[in-house]
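In what follows, a single structure is set out as structure tokens and then discussed.
We count residues from 1, following the sequence as given. Values reported hereafter were calculated over all heavy atoms of this structure, with side chains retained and with hydrogens, waters and symmetry mates removed. Being a predicted model, the structure only gives us computed values, none of them experimental.
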Amino acid sequence: MSPLAVFVVLYLVTSIVIGDFYKVPITVAFMVASIYAVLTTRHLPLTQRVGTFSRGASTEQMMLMVWIFILAGAFASTAKAMGSIDATVSLTLWLLPPQMLLAGLFLASCFISLSIGTSVGTIVALTPIAAGVAAQTGASVPLVTAVVVGGSFFGDNLSFISDTTIAATQTQGCRLSDKFRVNSFLVVPAALVVFVVYVVMGSGVHSPAAVGALLPVKVLPYLVVLVTAILGMNVMAVLTVGLLLTGLIGLLDGSYDLYGWMGAMGSGIVDMGELVIITMMAGGLLETIRRNGGIEYLIRLLTRRVSTKRGAELSVAALVSLVNVCTANNTVAILTVGGIAKQIGDRFGLDNRKCASILDTFSCFTQGLLPYGAQMLMAAGLASLNPVSILPYLYYPFTLGIVALLAILLRYPRRYS
């Protein structure tokens, strides 16, 4: 596990000590930790060590994330150049009363993520709009971005088509609908509390004196992306359709010519370059840690003293949370510890539905607070922020974690405990 410690010390600890998270670029921290991981791997020639790292960096899941980053960057940049963000902000300000802007964005994020089952897709669609709303209203950009990020995890945790839901139920041997019922006892109260908080906070958000011109055609790319995603289209196909639509509208209304459209796409792809590099280095680093037994060590360490049902549930929660910190991917974390969680559950008589809910809830809670997780990196990239600046405003993931922990300690809901 020492490569992860190298990364944490170099990036998080050093940045906290000097009080500046821009002094140590996250890419440099990953590079140093990756080099350390390769050099300290034993019993393999250097070429095989590099091969292990490279396999982790180029898995199907990692490459899929890279392609999503590239398409998302191109779509966001061309939509911005065509005027979609300004048009959407104007429409949002026109439709929502000022005191409902924060709560409205949170509800929109919850609904979209529940429909499409992906937090990343929700963040891609709504973060540019949220950043535009913040610019127009004078609200804090990190706060408004965090509203979208928090809401995006609502659906990621509850949706029937979410990867985390499917992984959790399959590893625990229960039905999607059963896990949905258990999760609803946790995520709905958490979401309601946060919604009320945003209603109260929104009372201080003032709408700009003048709302820009309403141009519905420029909002069309975002609407098409949202609707096609809700209808179940593949996220890459969704982004490709949105990219083509921004080009068509922009060319027809004169926002840019063909070369301007290509230039906007290129600029967006370049802006996502750091995210692509981080994704691949993180994948290689974590595969090296797995190869050297780091994740298995964590699992053994946390399960050796379990003796009660409450302790068993806490161990499952701790397992999936810690592995999620290591993998920065909630689905991978669930798949990694799902088998062990099932063994713990069978040994101590845990309800499979509750166990699946714990896996899903705590993985989403942890993922929502990782500054190097895909969701945070995507949101920060689209809003031109440092991921750490968003953390203090992530009220929903914090609230979800508290509710989930209380559910274990208080044996709630009773019928599943």
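- Taking the six-membered ring for Trp and thresholds of 30 and 60 degrees, Tyr412 and Phe185 have ring planes more than 60 degrees apart, a perpendicular arrangement.
- Going from atom CG of Leu369 over to atom CZ of Phe365 covers 5.0 Å, rounded to the nearest 0.5 Å.
- Side-chain atoms of Ser389 never come within 3.5 Å of backbone atoms of Leu385 as a donor-acceptor pair (strictly under, hydrogens ignored).
- The minimum heavy-atom distance between Lys354 and Ala407, with the atom names listed, is NZ-O, 3.7 Å.
- Nearest heavy-atom pair, Cys174 versus Ala356, reported as atom, atom and distance to 0.1 Å: SG-CB, 3.8 Å.
- With hydrogens and angles left out, the side-chain atoms of Lys179 and Thr165 include a donor and acceptor closer than 3.5 Å.
- For the side-chain contact (heavy atoms from CB on, under 4.5 Å) test with Leu143, the passing option among Leu102, Leu394, Ile390 is Leu102; the others fail.
- At a threshold of 4.5 Å between non-hydrogen side-chain atoms, the residues Met376 and Leu370 do not count as touching.
- When all heavy atoms of Ala134 and Val144 are compared, the closest pair comes out as CB-CG2, 3.9 Å.
- In this structure, Ile408 and Phe362 have side chains that are in contact, with non-hydrogen atoms separated by less than 4.5 Å.
- Arg291 and Thr288 share no donor-acceptor pair across their side chains, judged by distance under 3.5 Å alone.
- Counted by atom type alone, Asn157 and Asp360 present one or more donor-acceptor pairs between their side chains at under 3.5 Å.
- Here the side chains of Phe154 and Ser109 are not in contact, with every heavy-atom distance at 4.5 Å or above.
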Step-by-step side chain to side chain contact (heavy atoms under 4.5 Å, CB included) determination, Phe153 to Gln375: CA-CA 9 Å; Phe153 281 102; Gln375 292 84 354; 3.7 Å; yes
Worked check of side chain to side chain contact (heavy atoms under 4.5 Å, CB included) between Val403 and Thr361: CA-CA 10 Å; Val403 171; Thr361 304; over 6 Å; no
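- Counted by atom type alone, Thr122 and Ser152 present zero donor-acceptor pairs between their side chains at under 3.5 Å.
- One finds the CG atom of Leu382 at 11.0 Å from the CG atom of Leu377 (value rounded to the nearest 0.5 Å).
- Going from atom CG of Leu4 over to atom CD1 of Ile289 covers 5.0 Å, rounded to the nearest 0.5 Å.
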Working for side chain to side chain donor-acceptor pair (under 3.5 Å), residues Thr164 and Asn330: CA-CA 7 Å; Thr164 57; Asn330 43 357; 5.0 Å; no
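- At least one side-chain heavy atom of Tyr198 sits under 4.5 Å from a side-chain heavy atom of Val147.
- Interatomic distance, CG of Asp271 versus CD1 of Ile70, reported as 12.5 Å (0.5 Å rounding).
- Here the closest heavy-atom approach between residue Ala33 and residue Leu285 is recorded as O-CD1, 3.6 Å.
- Not a single donor-acceptor pair under 3.5 Å links the side chain of Thr127 to the backbone N or O of Val124.
- We find the CZ-CG distance between Phe180 and Leu158 to be 4.5 Å, quoted to the nearest 0.5 Å.
- Taking a cutoff of 4.0 Å between a charged side-chain nitrogen and a carboxylate oxygen, Lys218 and Asp253 qualify as a salt bridge.
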Stepwise side chain to side chain donor-acceptor pair (under 3.5 Å) check, Thr52 with Arg55: CA-CA 5 Å; Thr52 298; Arg55 283 193 298 274; 3.1 Å; yes
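- Atom NZ of Lys80 has 12 or fewer neighbouring heavy atoms from other residues, nucleotides or ligands inside a 6.0 Å radius.
- Donor-acceptor pairing under 3.5 Å is recorded for the side chains of Asn292 and Thr41.
- Looking at heavy atoms from C-beta onward, Phe348 lies out of side-chain contact with Thr308 at the 4.5 angstrom threshold.
- The backbone N or O of Ala312 sits less than 3.5 Å from a side-chain atom of Ser315, completing a donor-acceptor pair.
- For the pair Asn352/Lys342, a side-chain contact is recorded, criterion being any heavy-atom separation below 4.5 Å from C-beta on.
- With values rounded to the nearest 0.5 angstrom, Met280 atom CE is found 11.5 Å from Ser34 atom OG.
- The pair Glu287-Arg290 meets the salt-bridge criterion, since a charged nitrogen lies less than 4.0 angstrom from a carboxylate oxygen.
- What you find for Ser363 and Val320 is that their closest heavy atoms are CB-CG2, 3.9 Å.
- Under a 3.5 Å cut-off, the side chain of Ser2 and the backbone N or O of Ala5 do not form any donor-acceptor pair.
- The two atoms that bring Gln172 and Gly338 nearest to each other are NE2-O, 3.0 Å, heavy atoms only.
- Heavy atoms from other residues, nucleotides or ligands lying under 6.0 Å from CZ of Arg411 number more than 12.
- In this structure, Thr246 contributes its side chain and Leu243 its backbone to a donor-acceptor pair below 3.5 Å.
- Between Phe7 and Phe30, the distance separating the two ring centers is shorter than 6.0 angstrom.
- Using a 4.5 Å cut-off on side-chain heavy atoms (C-beta onward), Tyr396 and Phe106 make contact.
- Using a 4.5 Å cut-off on side-chain heavy atoms (C-beta onward), Met272 and Ile269 make no contact.
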